[in-house]
Amino acid sequence: MGCFDCDEAGGWWFHLRRCVNCGHIGCCDDSLAQHARRHFEGTGHRFIQTFEPGEDWFWDYLAERPVRGPLLPPPRHHPATQPAPGPADRVPADWRRRLAEAR
């Protein structure tokens with residue numbers, strides 16, 4: 001279970017975010033493609049929740065700040081066995097350099 005758009009394109013992501021409105025899973029702003037933010041820009045769905053194990057926070061893209069959010073139905077994170085970045089078979093060996101250069 002990963003970024004829907006990265007999976008379609010054969011790409012990889014750093015961390016995952018879940019749209020509160022529709023459940024779309026997208027990659028974070030530190031990922032190369034930033035699909036969670038692109039989902040917001042395309043739909044107006046402004047609230048996301050982290051989709052990382054052990055994290056429980058929400059973000060409002062419109063206000064650009066953390067917010068409180070509702071209890072969402074499961075799953076609340078990707079499988080704990082799935083690495084970040086992921087998926088393991090598509091992450092390039094030089095992923096740290098690529099992310100650093102993209103900033």
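- No more than 12 heavy atoms of other residues, nucleotides or ligands shown are found within 6.0 angstrom of CZ on F4.
- The hydrophobic cluster around L32 extends to W12, F14, V91, W95, L99, counting ILVMFWY residues whose side-chain heavy atoms fall within less than 4.5 Å of a member.
- The closest side-chain heavy-atom distance from C22 to T43 is not below 4.5 Å.
- Under the 4.0 Å criterion applied to side-chain N and carboxylate O atoms, R18 and E55 are not assigned as salt-bridge partners.
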Full working for side-chain contact (heavy atoms from CB on, under 4.5 Å) between H35 and C6: CA-CA 8 Å; H35 285 123; C6 285; 3.4 Å; yes
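- With respect to the salt-bridge test (charged N to carboxylate O, under 4.0 angstrom), the residues D29 and R38 do not qualify.
- Under the 4.5 Å side-chain contact rule for hydrophobic residues, W13 and F51 share a cluster.
- With contacts defined as side-chain heavy-atom distances shorter than 4.5 Å, the pair H39/D5 does not qualify.
- Here the side chain of Q82 pairs a donor or acceptor atom with the backbone of M1 at under 3.5 angstrom.
- The closest side-chain heavy-atom distance from I48 to Y61 is below 4.5 Å.
- Side-chain N or O atoms of R76 include one that pairs as donor or acceptor with a backbone N or O of L72 at under 3.5 Å.
- Of all heavy-atom pairs spanning W57 and R17, the tightest one is CH2-NE, 3.4 Å.
- The shortest non-hydrogen separation linking W59 to R37 is NE1-NH2, 4.5 Å.
- Rounded to the nearest 0.5 Å, atoms CD (Q49) and CG (L71) are 8.0 Å apart.
- A side-chain donor-acceptor contact under 3.5 Å links H78 and E52.
- For the side-chain contact (heavy atoms from CB on, under 4.5 Å) test, no residue two or more places apart in sequence or in another chain qualifies with R96.
- In this structure, Q34 and C27 have side chains that are not in contact, with every pair of non-hydrogen atoms separated by 4.5 Å or more.
- For the pair V20/P70, a side-chain contact is recorded, criterion being any heavy-atom separation below 4.5 Å from C-beta on.
- Contact detail for P53 and H77: the closest heavy-atom pair is N-CB, 3.5 Å.
- Under the 4.5 Å side-chain criterion, counting only non-hydrogen atoms from C-beta, R103 is in contact with D30.
- Distance check: F58 CZ to T50 OG1 gives 9.5 Å after rounding to the nearest 0.5 Å.
- R68 is linked by a side-chain contact (heavy atoms from CB on, under 4.5 Å) to nothing, counting only residues two or more places apart in sequence or in another chain.
- Remark: side-chain polar atoms of D60 are paired, donor with acceptor, to backbone N or O of A63 under 3.5 angstrom.
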